[in-house]
Structures are given as C-alpha cells and as structure tokens.
Amino acid sequence: MDKQRRAVVKGLTAASFTALTACGGSSSNPARTNEPGSTTSAGDSQSIPGIEFNHGVASGDPLSDRVILWTRVTPTESLPRDVETVPVLVTVARDRDMREKVGRFSTTTGPEQDFCVKMDVTGLQPDTWYYYQFAVGQQVSMVGRTRTFPAAGMPVERARFAVVSCSNYAFGLFSVYKAVSEQSDLDFILHLGDYIYEYGPGEYGSFPGRDPLPAHEILTLSDYRQRHAQYKTDTNLQAVHQQFPMICVWDDHESANDSYRSGAENHDEATEGAWTERRGSAVQAYFEWLPIREVGTEKGRIWRQFEFGGLIDLFMLDTRLEGRDLQASSPSDPARFDEERRIMSDAQMNWLVGGLSSSRASWRIIGQQVMFAELNIVRTLDAAGTLGMEDLTTFNGQLLALNVDQWDGYVADREVILRSLAEESIDNTVFFTGDIHTSWANEVYADSGNLLENATVGPLAAEFVTPSVTSPGFPEEFADIAAEAVKVANSHMKYVELKSPGFILVDVTAERTQAEFLYVRSISSADQLGEVDPAMTKVVGVDDGNARIYEDRPRSQPRAVRTALFHPPVRNAVS
C-alpha cells in the first residue's frame, strides 16, 4: 500500500471507528457508530481499499444479552497484506433484510489478526433471534442469523441443538454439515472438536479435490491459519455458521494427534521444534478463526459455562490441552490408576464439580472431547472371538488406541466426578462426547462391571457420543460384529454404531433429553449432499430423574413455530 492510501485508512479509522476486537479477543462494549436506522456504512469513501468476504460469517457463545459475531476480510490486489488496519462496520437487525436495525458497531482488523473480525455484541434482548452483516465501505458480507439464550432461571419449554465433531476436509464432502444447516428449528450447534486436522496431503484422507492446505503437516501460525481458512471456504460449513450460533471446544487435531499439556503423539520436538510454540500457534489460530469468547484474562481457556434459561446448564470442558498429563502406555499400565495423573487441572475440576453441585437447571449437560464411560477391552475381545471375528489384531489395535486416550486412561479424575454425582445425588446429567468417529449411547455407573448392583441402583449419568462429519470409523468388514461385541461385553453400552458419518439432533424438555442419531447417505456423492437416511435413524434418551437409556421412541417433532422469522437460505449480500 502506498503511503497516501495508508494514511487515508488510518485517518478514517481514527475519525470514525473505535477499535474493539479482531480475532483473538473480544470486547464487551462495542462502539455504536450511530443510532439504529442510520444508513452510514463503514468508510463511505472510494479511498477504502477493496476487499472480499470469502469465508462466510459466524456467531457463537451466546449468552442472554450478547453473542460473538465473526467474519474474515480477505486481502485482494487493492488491499496488500501489509495494510495496517481495515475499518469494519457490523450491523445487527431483527429481520433478514436488515431494515429493523438494532444498532451498528465499529471495529478494525489487520494482519496481526489474520484479517479476521470478531466482536462481542452486547446489550441484546434475551431469547431473541437476530440477523447481522459486516461491511467494509460498500462491500458487504452475506447475512447471518444468531440468537441469544434465555436468561438464567427463565422458564423454557424446549431446546433443540445438533452435536457434531471430527470434520476432516480430506476425507470427503461435508454432507453432514449441509444436513445440519437444513434443520429448521435448532437453537445452536455443539461442536466437540477436531474442527480441522493437522495432517498433510495423503497422510490421513485423500478425497479427490480436497487436498489440505498448506501442502504439508501444519506447524506454524501461518500454517494453522491457512488450514482454518481452507475449511472456512467450504460452503456447507459456511451454511451451518450462517444459520446458527456455535458453541465449540477443541480436541487434539486442532493442534496435533493425541495432544496433551506438554506434547503430542504427532509431534517430534527434534524435527518439528518446541511443542510450546506449536501449541501456542494452534491456540491463537483457533481463537482467531472460531466465534469463541475469551474467558476474562485467561488466554486460551475454553472451559466455560452456558445457561439456557432454567432448562439447561451447559458445561464445556477442555480434557485435551489445559491440564492433561501424558497418556498411559497401554491399558495395563498402572499409571492409569495413579491419583496424581490428570486429564484436566484441579482448577477446572473444582469448577466443574462445583457447577454441577450448585446447578438448579432441569438438566446438566457436559460437552467434552473423549469418551467418559468405561470400556472393558478384554471382555470385548473375548466377545468378538465368540461372535466369530477371525482376526482380532486390527480390532484390538482400534480398542487400545481408544482406551488410553479416554477417561479410561485417567481413572482417578473420573472417580472424582462419579463420587460427586453419587454423594450429592446430582441427577439429570448427560455427557456429549466426540473424538472417536463413531456412535455410542452409554449408561454411566460408579462401577460398570458390577452388574448385580447396577440392576438395582441405576446409572449416575448418561453419555451420547456423536458420529463424525467425515473422519473414518471402524473398517467396514468388521464394524458390525465389533459393535455387537462391545454391547455384549459392556452391558452399559446400549447403542453402538461404528462406521457411519452423521450427527446427533438433541431435543430437551423438562421431562426428558432425547438424542436422535441421524446419518447421511454419502460423504462422497455430490448428488446426495445433505441427504439423511431415515432407515438408519436411532432414537435414544433419558427421562427426568432416571439415567437409564430408553430406545426407539418416536422422533421429536420440529417446532411448529420456527426459531427465526425465516428459514435458510437467507439472502446473500443484502445492502
């Protein structure tokens, strides 16, 4: 950029805009540029450089009076990457045509934030749908819609949300995201991690035309930013973000496979540099590119709580980077039972246990990364052999990989939560889990192996594990028999499906929490994008005061009145 143009941009920014937040932070007091209904746009001047909005819009972390709004300004030939600031205007309205304006808010972005824009818009009304749009000069983004949550304790009859995880760009089309975006009445999306994958081309997925960028395993801040940018160009992922606010947590692949506090299975410091640098880059890019709110002054904290009126208290955990010790070497490793080993810090554990204890909502829902329920490997392998599986080697390898990375590898921390649930009689607790590319409905007991006691005492909680968006499950040739073996050997695991991509549609009322496993027909056929196979749908759930899982009740009915005035697609580029 020449000196004259840079001076113009600086001058406009100083005169007309208050810098709030771009990616990596959020302001609780966005600056209003003028009163609702004003027509002034961001820098009504031909001197504002040309830009493009190539990565859609997004919203997330809704509270009763605020929500994070996100987009990315893409540099063009007329906006070199060395530009210092770009002024951006955000308009919030009650209608998709952006006529019933709530307000206009200003911010800036630039290369330090990878040209992302992230604003915490406050002063909103509870339990209300809004529409929003970004502008730089006369150039405008698509319109997105979002919502605030009902205020704490507010009576709420129902909540509906989708649960997704494990979306590997290189393994296939985001058919699942398209199916989610076409749900007519969701309140929000719960993304439980592996939003991106770190591998290079051909290392984990090789779907034609979807080689990951950059063309190598990502290590640096620039690498992680480029990978996030590539994912955000997918129109089906854009559609999900455009329609609903998202509440997300990372798992391992946002940094590196099987990561923990001080390292990762897929990181070699001898050849790939210091883990602290790679981890820092991964965390920074995540907060830049996702509509997630920073918690106070704690950089990189993703464990946080949301209240959906008096119906749900939602606890989002970080079982991956915040406090996790190195995984045990095997299921027989005594370290699994070491009371000093942690899957999360004491601070996070105390926060979770205290929150569960003090919650007065109808339901306590926990969104987290790795399977909580106990999986007995020895009994499962025995059952598989009895059922006729001839070669147990591959199956055993799959089970071993799962076991030490899950809560099974951190028994002491799991016991803390189980004791709290039992001793304080905390009921109506449901875990939602991602990570393992497969579908599970588990009853959570103090001791899952004590069948006699469990027949009379009942489970302490329930757990529903979501299938993947694209990442592969168990091999087709033994997935069905493996699923049957799991259920035979682990009677608390009531539903297991090990091979199909999909998502969970969750419907919550005061009387029950129902999880409906929906599977797409294909992640390889463009002609079948977003098509759900109704023959595969599985309905499970738990009733109020009873964590025993029920099966095969009728599907929940969509709301007669939609959660927004209009259903997708919303109009693009409305001025």
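Numbers here are sequence positions counted from 1. Just so it is clear, the model here is predicted, and its values are computed rather than measured.
- With hydrogens and angles disregarded, no donor-acceptor distance shorter than 3.5 Å links the side chain of Gln242 to the backbone of Met142.
- For the atom pair CZ (Phe464) and CZ (Phe517), the distance works out to 7.0 Å, reported to the nearest 0.5 Å.
- Ion pairing of Arg548 with Asp543 is absent here, as no side-chain N (NZ or NE/NH1/NH2) approaches a carboxylate O to less than 4.0 Å.
- Residues that satisfy the ring-ring contact (aromatic ring centres under 6.0 Å, His included) test with Trp351, not counting sequence neighbours, are Trp303, Phe315.
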Query raised in the report: Which is it for Tyr197 and Arg227 under the side-chain hydrogen bond (donor to acceptor under 3.5 Å, both in side chains) test, yes or no, and what are the steps along the way?
Result: CA-CA 8 Å; Tyr197 280 71; Arg227 189 64 56 86; over 6 Å; no
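- Classification of the His492-Tyr445 ring pair by plane angle, with boundaries at 30° and 60°, yields perpendicular.
- Partners of Asp252 according to the salt bridge (Lys or Arg N to Asp or Glu O under 4.0 Å) rule, which considers only residues two or more places apart in sequence or in another chain, do not exist here.
- The closest side-chain heavy-atom distance from Ile343 to Val370 is below 4.5 Å.
- Defined by atom type and a distance below 3.5 Å, a donor-acceptor pair is present between the side-chain atoms of Ser345 and Glu322.
- The backbone N or O of Lys499 sits less than 3.5 Å from a side-chain atom of Glu497, completing a donor-acceptor pair.
- Looking at residues two or more places apart in sequence or on another chain, you find a salt bridge (Lys or Arg N to Asp or Glu O under 4.0 Å) between Glu516 and Arg555.
- Here Thr438 pairs with Trp440 under the side-chain hydrogen bond (donor to acceptor under 3.5 Å, both in side chains) rule; sequence neighbours left out.
- Looking only at distances, no side-chain donor or acceptor of Ser420 sits under 3.5 Å from a matching main-chain atom of Ile417.
- Ring planes of Tyr169 and Tyr231: tilted class, angle from 30 to 60°.
- Taking the side-chain hydrogen bond (donor to acceptor under 3.5 Å, both in side chains) definition, one finds that Arg414 meets it with Asp408, sequence neighbours left out.
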Report task. Give the C-alpha distance, both sets of side-chain angles, the deciding distance and a yes or no for salt bridge (charged side-chain N to carboxylate O under 4.0 Å, His left out) between Glu294 and Arg301. Result -> CA-CA 7 Å; Glu294 296 228 13; Arg301 172 175 161 175; over 6 Å; no
Query raised in the report: After noting the C-alpha distance and the side-chain angles of Glu551 and Lys494, does the key distance pass the salt bridge (charged side-chain N to carboxylate O under 4.0 Å, His left out) rule?
Result: CA-CA 8 Å; Glu551 298 183 63; Lys494 302 302 182 182; over 6 Å; no
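- Inter-residue side-chain proximity for Asn266 and Glu198 is flagged as met; some heavy-atom pair is nearer than 4.5 Å.
- With hydrogens and angles disregarded, a donor-acceptor distance shorter than 3.5 Å links the side chain of His437 to the backbone of Pro472.
- Applying the ring-ring contact (aromatic ring centres under 6.0 Å, His included) test to His191 and every residue at least two apart in sequence or in another chain returns Tyr195.
- Remark: Trp363 pairs with no residue by the ring-ring contact (aromatic ring centres under 6.0 Å, His included) rule, at least two apart or across chains.
- Checked by atom type, the side-chain pair Thr433/Glu463 shows a donor-acceptor distance below 3.5 Å.
- Proximity of a side-chain donor or acceptor of Arg324 to a complementary backbone N or O of Thr319 within less than 3.5 Å is detected.
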Requested in this report: Please lay out, stage by stage, how Arg341 and Asp325 fare under the test salt bridge (charged side-chain N to carboxylate O under 4.0 Å, His left out).
Outcome: CA-CA 6 Å; Arg341 292 181 69 251; Asp325 290 316; 5.3 Å; no
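- In this structure, the side chains of Gln514 and Val539 come closer than 4.5 Å at one or more pairs of heavy atoms.
- Taking CG of Leu186 as the start and CG of Leu505 as the end, the distance is 5.5 Å to the nearest 0.5 Å.
- In summary, the side chains of Gln369 and Asp251 do not present any donor paired with an acceptor at a separation below 3.5 Å, with no hydrogens or angles considered.
- In terms of heavy-atom proximity, Ser362 sits nearest to Asn428 at O-ND2, 3.0 Å.
- Atom CG of Asp234 is separated from atom NE2 of His55 by 11.5 Å, given to the nearest 0.5 angstrom.
- Checked against a 6.0 Å centroid threshold, the rings of His241 and Trp70 do not count as neighbours.
- Using a 4.5 Å heavy-atom cutoff, the side chains of Pro467 and Ile504 are in contact.
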Query - Candidate pair Arg158 and Asp507, rule salt bridge (charged side-chain N to carboxylate O under 4.0 Å, His left out), full reasoning - result: CA-CA 7 Å; Arg158 191 179 187 190; Asp507 192 278; 2.9 Å; yes
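- Put simply, the side chain of Thr513 never gets that close to the backbone of Val542: no donor and acceptor are under 3.5 Å apart.
- Asp194 is listed as a side-chain neighbour of Asp435, based on a closest heavy-atom distance under 4.5 Å.
- Legend: residues meeting salt bridge (Lys or Arg N to Asp or Glu O under 4.0 Å) with Asp65, ordered by chain and number and at least two apart, are absent.
- Formation of a donor-acceptor pair under 3.5 Å by the Ser175 side chain with backbone atoms of Gly530 is found in this model.
- Looking at Val67 and Leu69, their side chains come closer than 4.5 Å, going by heavy atoms from C-beta outward.
- Checked by atom type, the side-chain pair Tyr130/Ser59 shows no donor-acceptor distance below 3.5 Å.
- Side-chain contact check for Val469 versus Phe503: every heavy-atom pair is 4.5 Å or farther apart.
- In this structure, the side chain of Arg320 engages the main chain of Ser259 through a donor-acceptor pair within 3.5 Å.
- When side chains are defined from C-beta on, Phe432 counts as touching Val506, because their heavy atoms get closer than 4.5 Å.
- Residues satisfying the ring-ring contact (aromatic ring centres under 6.0 Å, His included) test with Phe188, not counting sequence neighbours, are Phe149, Phe161.
- Here the side chain of Ser141 pairs a donor or acceptor atom with the backbone of Phe134 at under 3.5 angstrom.
- For the atom pair CG (Asn403) and CG (Asn376), the distance works out to 9.0 Å, reported to the nearest 0.5 Å.
- Residues forming a salt bridge (Lys or Arg N to Asp or Glu O under 4.0 Å) with Asp447 (at least two apart in sequence, or on another chain): none.
- Checking Leu529, Thr235, Asn236 one by one against Tyr177, the side-chain contact (heavy atoms from CB on, under 4.5 Å) holds for a single residue, Asn236.
- Pairs of residues two or more places apart, or lying in two chains, that qualify as salt bridge (Lys or Arg N to Asp or Glu O under 4.0 Å) and include a residue from residues 354-375 are Arg364-Asp427.
- Here the straight-line distance linking atom OG1 of Thr109 with atom CG of Asp114 works out to 8.0 Å at 0.5 Å rounding.
- Lys538 contributes no side-chain N or O that, together with a main-chain N or O of Tyr495, makes up a donor-acceptor pair within less than 3.5 Å.
- The CZ atom of Arg304 lies 4.0 Å from the CG atom of Asp61; values are rounded to the nearest 0.5 Å.
- Shown here are the side-chain hydrogen bond (donor to acceptor under 3.5 Å, both in side chains) partners of Glu511, two or more places apart in sequence or in another chain: Thr509.
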